Amino acid sequence: MLLFLSLFACAGSKEVEDPSAHACEHIAESEATLPGGNSTGNAVVIPMDGEPYTVTLQDSIPSYLSVQIDADTPALLFAGTADVVSGLYNGDEAVTLPEPAPNADCPEDIPEHFDLEFDTVGTWYIQLGPAAVTEVWLSLAPAEGHAHDEGEE
């Protein structure tokens with residue numbers, strides 16, 4: 001009976017993947033290309049799902065993405081190019097952007113990540129640029145990672 005219960009428990013087990021490792025595994029991928037908006041009013045929503053996106057930046061002006069927050073959510077923002085993420089806003093209020101650091105798992109591929117604390121429900125905005133590049137690879141993930149069935153990537 002004990003063996004049966006052990007097998008049953010393992011059959012439904014989930015493996016929680018570290019968001020930093022997940023970002024490194026998917027650096028060469030992009031779920032979709034998103035246009036950065038030229039203002040917060042037309043910012044495209046980026047999901048907090050850990051999937052990679054390529055964001056096309058506005059020429060010579062800041063670009064904006066929005067994030068819908070339903071609860072106090074610590075998150076990690078990964079950027080494939082340094083010095084592109086330039087601001088964070090809770091609605092219209094500027095929030096101090098934390099100091100960036102390279103992703104410890106693959107610093108050459110992901111030169112910046114930010115530990116973000118979305119501590120208020122509502123719409124938040126991420127400001128990108130202006131920058132010398134025309135697009136940037138980004139991934140936004142919950143800080144606690146996400147679960148996979150064992151063996152799934």
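Below, all heavy atoms of this structure are taken into account, side chains as well, without hydrogens, waters or symmetry copies. Being a predicted model, the structure only gives us computed values, none of them experimental.
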Going from SG on C24 to CG on D18, what distance comes out if it is rounded to the nearest 0.5 angstrom?
8.5 Å

Looking at CG of L65 and CD1 of I46, how far apart are the two atoms once the value is rounded to the nearest 0.5 Å?
5.5 Å

OG1 on T73 to CZ on F118, rounded to 0.5 Å
8.0 Å

Would you kindly confirm whether I126 and V136 end up in one hydrophobic cluster when ILVMFWY residues are joined by side chain heavy atoms under 4.5 Å apart?
yes

Do V84 and L57 touch side chain to side chain, with heavy atoms closer than 4.5 Å?
yes

Are side-chain heavy atoms of P130 and P62 found at a separation under 4.5 Å?
yes

Please test Q127 against L97 for side chain to side chain contact (heavy atoms under 4.5 Å, CB included), starting from the C-alpha separation and ending with a verdict.
CA-CA 10 Å; Q127 179 180 307; L97 193 62; over 6 Å; no

d(T81 OG1, E135 CD) to nearest 0.5 Å is 8.5 Å

So if you build clusters from Ile, Leu, Val, Met, Phe, Trp, Tyr with side-chain heavy-atom gaps below 4.5 Å, do V85 and I69 land together?
yes

For P35 and V44, the nearest pair of non-hydrogen atoms, with its separation, is O-CG2, 3.2 Å

Are any non-hydrogen side-chain atoms of E51 and H22 less than 4.5 angstrom apart?
yes

Which atoms form the tightest heavy-atom contact between P19 and A143, and what is the distance?
CG-O, 3.5 Å

Would a 4.5 Å heavy-atom cut-off, applied to side chains only, mark D119 and W124 as touching?
yes

Please find the pair of heavy atoms, one from A21 and one from D105, that lie closest to each other, and give the distance.
N-OD2, 3.2 Å

Do the non-hydrogen side-chain atoms of N103 and D109 ever get within less than 4.5 Å of each other?
no

With clusters defined by side-chain heavy atoms of hydrophobic residues (ILVMFWY) lying less than 4.5 Å apart, directly or transitively, does V55 cluster with V133?
yes

Count I, L, V, M, F, W, Y as connected when their side-chain heavy atoms are under 4.5 Å apart, and connections chain through other members. Are W137 and V67 then in the same cluster?
no

State, yes or no, whether a side-chain contact exists between L77 and L88 at a heavy-atom distance under 4.5 Å.
no

Side chain to side chain, V95 and Y125, heavy atoms closer than 4.5 Å
no

Under a 3.5 Å distance rule, please check whether T54 uses its side chain to pair with a backbone N or O of T33 as donor and acceptor.
no

Ignoring hydrogens and geometry, is there a side-chain-to-backbone donor-acceptor pair from S86 to G129 under 3.5 Å?
yes

Taking all non-hydrogen atoms of both residues, which atom of P98 and which atom of F114 are closest, and how far apart?
O-CD2, 3.3 Å

Nearest non-hydrogen partners of P52 and H26, listed with the distance:
CG-O, 3.8 Å

With a 4.5 Å cut-off on side-chain heavy atoms, are D72 and E117 touching?
yes

Interatomic distance, CG@L140 vs CG@L76, rounded to 0.5 Å, equals 8.5 Å

So, for A75 and M48, which heavy atoms are closest and what is the spacing to 0.1 Å?
CB-SD, 3.6 Å

C106 side, atom SG; E25 side, atom CD - distance, nearest 0.5 Å:
9.5 Å

